[in-house]
Amino acid sequence: MTPAGFEQDAHAAGSPDTVRGGRKAASPAILALLAVALALTAALLVFAAFQYRSQVIAEAEVRSAAIARVLEEHAAKTLGIHAATLSHMEWMVDDLGWDRIDSSPLLHERLKAMAAQTPEVQSYWITDESGRVRVSSFEWPIRPLSASDREYFLALLNPGSTIHIGPRLKGKINSELFFTLSRRMELPNHQFQGVAQISLLPSYFADFYRSVLRGSSDVILLMREDGEVLVRTPSDAPPDRADIGRLPELISIPDRNGVFRAMTPSDGVERLLARRKVPDMPIYVVYGTDVGSIEKAWRDRVIPYALFAIPALGLLVLLGGIALHRSRQAAEAQEALRRSNEALEDRITERTRHLDQALADKEVLLRDIHHRVKNNLQVILSLLELQAQRAPELEAPFSEALTRINTMGLIHEQIYRATGVSVVALDSFIEALAGHLNSFHSRPGRTIAIRHRVEPLSLDLNRVVPFALILNEVVSNAFKHAFTGRCTGTIDIVVTAENGSLHLTVQDDGTGAPEPEDPSIPGRRSMGMDLIRAFARQIRGEYHFTRDAGTRFDLVFPQESDAV
C-alpha cells in the first residue's frame, strides 16, 4: 500500500476520536445556536407585539377614514339634493311673484307635497327681503312670522353668501328640533330678494349614523365649520335639547390624511378621529373610534402568539438536542451539497452563456428582418410613386396608400435603430412621422406647422402599427380638409399617460370640418374612418371628434397590452 493510501485509510479508520472531536466541536456551536434561537423567539414576540400594535392602529385608521368617506358621501348627496331644491324654490318665487304667493295656496301645496316625500325634511320656508315669512309647507295662509332674527337670515344678507347651514333650533310653530339649509335669493340685478330655507331633522341623520357605528364606544358627529355640533350619535343629551355643544378644536386640530387623535370633551374619551369636509358645504363629518377598543383588539391579537411561544421554546430545546446528535451528519451532507452546487453552478454558467449568445443572435436576426422589411416597403413606395407619375388619375388614391406604407416603414426603421426590438419609442417615432407628413403634404404657398409634445413612452409591436396608422389618418385628414382656403395653420399632437391609459390628442386650428362619418352628408364615410374605427377597436381604444374653431381628435387606450 502506498503512503498516500495508508494516510487515507488511517483518516477513515480513526473515526471514533474524529467523531468525538467533531461532536465536541459541534456542541458549543449548537448550544450557542440554541441560545440565539431562544433569544430570537423572545425578540420576535416583542417585535410582533409592536408590529401588531401598529397594524391594529393602521386598520382602525383605515376603517375610520372609510366610514368617514361614507358619511361624507351621504351628507354630500343629501344636502346637495336639497341645495338644488332651494334653487328650484327660488325659480318658483320668480315664476309666481309675491302677490300670487300671498293670494293662492298653490306654492304652499307644492312645498307640502315635497316635504311629505322626503323623511329628512321637517318643512320648507320662504321669506322676503324684510324677513317676513311669505309661505311654508306647514300652513296657509301663513300666520304673521318674522325670521329677521334668525342666524341664517342675517348671514345671507351679505351679497357674497350663497348656502348657509344653521344651528339646531326649535321651531316657532312646531317645537320639533331641526337645523336649517338656506339659500340667498336674488333678483337679476343681484339685489337681495329673500331666503329659501329647508328645515332638516337631526333625527334622520342620527338614525342613519346608528346603522353605521362599528363599536359601542364609537361616535359620529355632524358639525358646522365653527365647530357647533348638529348631530351626535350616540347622544347623551336630552332629546329636546337644541344646544348639544361646540367642539371647534375637532375642526382645527391638524390631521394626517384626515385622521388624528384627540379627547372628545363631551365624554372625556380619547378617540382616533377621521374628519371629512363635505364638498361645497360649510359642514364636516367626524367618525371617532375609541382608543380603548383599539388597545383591546391589539391585546386579543397578541395573546395567542404569546401562548404559542411557551411550547415553541420547549420545542426549540428538543430540536437543539436532536441537532447535537445530527450535527456531524449535517456537516457531511453540507459538504456533499456544496460540491453538487458547484457542479450545478458550472452547468448553469455554461447554459447561460449559450442562452446569451442565442439571444444576441436573435436580436441581430430581428434587426435584419426589420431592416429588410423597411427596405422592401421603400421599394413598394417607390414603385407606387412611379406608377402614380405614369397615371395621374391614380395620384389621389395612391397618396393615401403612400402615407400608410411610409408610416409602417418608419415603424420598422425605428425598431431597427433602437437598442431593443420589442418596443418603439413614441417620441422619436412621432417626430419622424410628423416630418414625413409635413413634407408629403406641403404645397407651394401654404405653410402648415406640426407641433408635437410626446412624453417619453413606448409601445409594443402588436399595438404600435394600429396606433401609428390611426395617427397617420387623422393628421392626413387635417392636412386635406382642415385648412381649405387658408395658407397657414397649425396641427398639435400630444401623447400623455394617465391612470394606466395612453391619451392621444390631435388638434388643428382649421375651419372645423364636419364629422367624417356623418350619415346626413353624402360621401362622408371614408376608408380612413373605417381604418380608424377598426384600429381603435384592435387596441381596445375609444375615440371621438370635437369641433369648434378647429377639429380635435381624442383617442384613449390601455397603456399595457392584455396579450400573453
Side-chain angles (χ1 to χ4, degrees), residues 395-404 406-407 410-411 414 424-457 459 464 466-499 501-536 539 541-557 559:
E395 182 177 357
F398 272 27
S399 63
E400 297 182 358
L402 293 176
T403 60
R404 293 164 185 153
N406 188 78
T407 298
L410 286 175
I411 294 173
Q414 291 294 317
V424 173
L426 290 183
D427 49 358
S428 58
F429 168 71
I430 290 179
E431 181 179 3
L433 179 61
H436 161 71
L437 292 175
N438 204 346
S439 174
F440 184 85
H441 291 286
S442 64
R443 300 291 184 272
R446 188 175 79 159
T447 302
I448 306 299
I450 299 181
R451 300 182 302 194
H452 48 84
R453 177 168 59 85
V454 183
E455 293 184 2
L457 303 167
L459 270 184
V464 72
F467 170 82
L469 291 176
I470 290 174
L471 179 59
N472 174 81
E473 295 300 326
V474 174
V475 176
S476 297
N477 186 69
F479 269 104
K480 290 187 291 183
H481 302 294
F483 305 103
T484 303
R486 289 179 51 179
C487 298
T488 60
T490 303
I491 301 175
D492 290 299
I493 302 174
V494 178
V495 179
T496 58
E498 182 179 352
N499 298 328
S501 298
L502 290 184
H503 297 245
L504 166 65
T505 301
V506 181
Q507 184 168 9
D508 62 65
D509 58 356
T511 57
E515 189 171 349
E517 65 266 27
D518 189 347
S520 64
I521 301 178
R524 291 304 296 171
R525 186 178 180 92
S526 65
M527 178 180 177
M529 283 308 304
D530 290 340
L531 290 176
I532 291 174
R533 187 179 299 106
F535 290 139
I539 61 177
E542 297 181 358
Y543 71 92
H544 65 273
F545 286 89
T546 306
R547 287 165 178 81
D548 190 3
T551 301
R552 172 175 174 150
F553 172 81
D554 290 281
L555 171 67
V556 180
F557 62 97
Q559 187 171 2

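All residue numbers refer to positions in the sequence shown, counting from 1.
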A.B. asks: Taking all non-hydrogen atoms of both residues, which atom of Arg486 and which atom of Gly510 are closest, and how far apart?
C.D. replies: NH1-CA, 3.3 Å
A.B. asks: Please report the interatomic distance CD1(Ile450) to CG(Leu433), rounded to the nearest 0.5 Å.
C.D. replies: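 Between atom CD1 of Ile450 and atom CG of Leu433 there are 7.5 Å.
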A.B. asks: If you round to the nearest 0.5 Å, how far is CG of Leu437 from CG of Asn472?
C.D. replies: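 Asn472 CG to Leu437 CG: 5.5 Å, rounded to 0.5 Å.
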A.B. asks: Report the distance from atom CD of Gln507 to atom CD1 of Ile491, rounding to the nearest 0.5 Å.
C.D. replies: 11.0 Å
A.B. asks: Got a donor-acceptor contact below 3.5 angstrom from the Asp508 side chain to the Thr551 backbone?
C.D. replies: yes
A.B. asks: Do you know which two heavy atoms are closest between Gln559 and Ala497, and how far apart they sit?
C.D. replies: OE1-CB, 3.9 Å
A.B. asks: Do Arg443 and Phe479 make a side-chain contact, defined as non-hydrogen atoms from C-beta onward lying under 4.5 Å apart?
C.D. replies: no
A.B. asks: Hey, does Phe483 have a side-chain heavy atom less than 4.5 Å from the side chain of Asp509?
C.D. replies: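 They are in contact (side-chain heavy atoms under 4.5 Å apart), so the answer is yes.
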A.B. asks: Taking all heavy atoms of Val495 and all of Leu426, pick out the closest pair and write down the distance.
C.D. replies: CG1-CD1, 4.2 Å
A.B. asks: In the structure I gave you, are the side-chain heavy atoms of Ile539 and Leu555 within less than 4.5 Å of one another anywhere?
C.D. replies: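 Side-chain contact under 4.5 Å: yes.
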A.B. asks: If you count the non-hydrogen atoms of other residues, nucleotides and ligands that lie under 6.0 Å from CZ in Arg451, is the total more than 12?
C.D. replies: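 Counting other residues, nucleotides and ligands, CZ of Arg451 stays at 12 neighbours or fewer.
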A.B. asks: Do Leu502 and Leu459 have side chains that get closer than 4.5 Å, going by heavy atoms?
C.D. replies: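 Leu502 reaches Leu459 side chain to side chain.
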A.B. asks: Quick check: closest heavy atoms across Gly445 and Cys487, and the distance to 0.1 Å?
C.D. replies: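 Of all heavy-atom pairs spanning Gly445 and Cys487, the closest is O-CB, 3.5 Å.
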A.B. asks: Determine, using ring centers only, whether Phe557 and Phe467 are less than 6.0 Å apart.
C.D. replies: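 When the ring centroids of Phe467 and Phe557 are compared, they turn out to be within the sub-6.0 Å range.
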A.B. asks: Do Phe553 and Ile470 have side-chain heavy atoms sitting under 4.5 Å apart?
C.D. replies: yes
A.B. asks: Rounded to the nearest 0.5 Å, what's the gap from CZ on Arg453 to OG1 on Thr496? Could you check?
C.D. replies: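 Atom-to-atom, Arg453:CZ and Thr496:OG1 are 7.0 Å apart.
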A.B. asks: Would you call Leu469 and Leu531 a side-chain contact if the rule is heavy atoms closer than 4.5 Å?
C.D. replies: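 A side-chain contact is absent here, since even the closest heavy-atom pair is not under 4.5 Å.
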A.B. asks: Flag the pair His503 / Asp554 as yes when at least one side-chain heavy-atom distance between them is below 4.5 Å, and no otherwise.
C.D. replies: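 Not touching, per the 4.5 Å side-chain cut-off.
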A.B. asks: Quick one: CD on Glu498 to CD on Glu455, what's the gap to the nearest 0.5 Å?
C.D. replies: 9.5 Å
A.B. asks: Parallel under 30°, tilted from 30 to 60°, perpendicular over 60°: which one fits the rings of Phe545 and Tyr543?
C.D. replies: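 Perpendicular, since the angle between the ring planes exceeds 60°.
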A.B. asks: Sub-3.5 Å donor-acceptor pair from the side chain of Ser442 to the main-chain atoms of Ser439, do we have one?
C.D. replies: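 Checked: pair present.
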A.B. asks: Nearest 0.5 Å please: distance from the CD1 atom of Ile493 over to the CD atom of Glu431.
C.D. replies: 11.0 Å
